[in-house]
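Chain letters run A, B, ... following the sequence lines, proteins first, then strands; residues in each count from 1.
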Amino acid sequence: MKAKALIPLVIFVALIGFFGVALWHAQTRDMHEIPSPLIDKPAPAFTLAQLHVPEKTLSLADMKGKVWLLNVWASWCVACREEHPVLVGFAAQKVLPIIGLNYKDKRDDGLAWLAAGGDPYTASIVDADGRVGINYGVYGVPETFLIDGNGRIRYKQIGPITPEVLDKVLLPRIRELQRG
Amino acid sequence: MVSARDTQSIVIPAKAGIQGAPTIRMPAFAGMTNIVVFLRHTLLALAFAFGFASTTAIAAPDTALEEHVTHISERLRCLVCQNQSIAESQADLANDLRRQVREMLAAGKTDKEILAYMVERYGDFVLYDPPFQTTTLLLWGGPAALMLIALGGFAWTVRLRRRHAITTALSPEESARARALLGRDKDNNNENPA
């Protein structure tokens, strides 16, 4: 009889535990981050004009055999300001090619941004109307895709690349892909 | 399809006009000011004209198609503003995705194909009605499971109470006493009808 009286208490404690875990989870994980279904899938094909040389194009096929980063950026993107110096510093190490996808931007603004803050990109391509962005499931800027030599997307970084993200998340994955 | 692409290229200069206008510095000379005001008005008028042109270009084509676009967009979650559908949201991405839906419909794609296209790129999260699969088992089955647990608990309690009621049935003496008490109560009531 006494044990039975404890049942409501046990249920109550279980519920508190349940809510507690959910709260903790919500704090540690950004609810705005939506896992991409494109991970380990072939990267969507594109052929886009280059930002610096509009008459030249770059397509996905050109990057075949290389491990590379596709960094989605725009001059109007506030978080990109935080990311940009990190990318410039990383590009100087020449670890891998970084292709910039200038997303829904104006050419002049994009060029001015690179002139002012430094150009970390092996090449920049222009996605003025955001169509390639849609194909890559881009829903915010900046986003960065790590693509392997077979043209598969292996990782997607949502939000700016901070020094921490670079060291703990991206670099280990890049090294692993470059080894294999 | 062609018109949508045209409007996209039109919208950008329109924005440039609005952004550009306030950055013009006012010169000290009154004569120059007039020119600047004239220029600014022209710019604004142009921007307005372009803006107007772009809205009519989008609204004009055909209402049945637009209704269909809205119908599909209502089933898609806006990923920037997650509590709105793509039909409701004015976010840039929502506009682009509506354009995508419109173009795919115009190209003869079915609703199913369009939704599949979105899921391929943005995941199940983009759907307001997530599909029934192992990862969503708890989501879909949870309420039913909770209902079953509640019903089970209810049935169990009812059974316990019934058993309790049977074992604590009154003994013959007790029922005699109860009858006597009830009877007296009745008599009392009859004596003093309140």
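Side chain of B:Y122 to backbone of A:V138: a donor-acceptor contact under 3.5 angstrom is found.
When every heavy atom of A:P37 is checked against every heavy atom of B:E120, the shortest pair comes out as CG-O, 3.3 Å. Minimum heavy-atom separation, B:R121 to A:L38: O-CD1, 4.2 Å.
Rounded to the nearest 0.5 angstrom, B:L160 CG and A:K4 NZ are separated by 5.0 Å. Taking OH of A:Y139 as the reference point, atom CG of B:L97 lies at 13.0 Å (rounded to 0.5 Å). B:M118 CE to A:I134 CD1: the interatomic distance, rounded to the nearest 0.5 Å, is 6.5 Å.
Looking at A:R131 and B:D96, no side-chain N of the basic residue comes within less than 4.0 Å of a carboxylate O on the acidic one, giving no salt bridge.
Summarising the local packing, CD of A:E176 is surrounded by 12 or fewer heavy atoms from other residues, nucleotides or ligands at distances under 6.0 Å. For CG of A:D167, the number of neighbouring non-hydrogen atoms (other residues, nucleotides, ligands) closer than 6.0 Å is greater than 12. By the neighbour-count criterion of 12 heavy atoms within 6.0 Å, atom CZ of B:R75 is sparsely surrounded, having that number or fewer from other residues, nucleotides or ligands. Dense packing is recorded around CG of A:L9, with more than 12 heavy atoms of other residues, nucleotides or ligands lying under 6.0 Å away. Shown here is A:E164, whose CD atom has no more than 12 heavy atoms of other residues, nucleotides or ligands within 6.0 Å.
Grouping the Ile, Leu, Val, Met, Phe, Trp and Tyr side chains by contacts below 4.5 angstrom, directly or via other members, places B:Y128 apart from B:F125.
Between A:N135 and B:Q100 there is no side-chain heavy-atom pair separated by less than 4.5 Å.
Neither the backbone nor the side chain of B:V126 has a heavy atom closer than 4.5 Å to any heavy atom of chain A.
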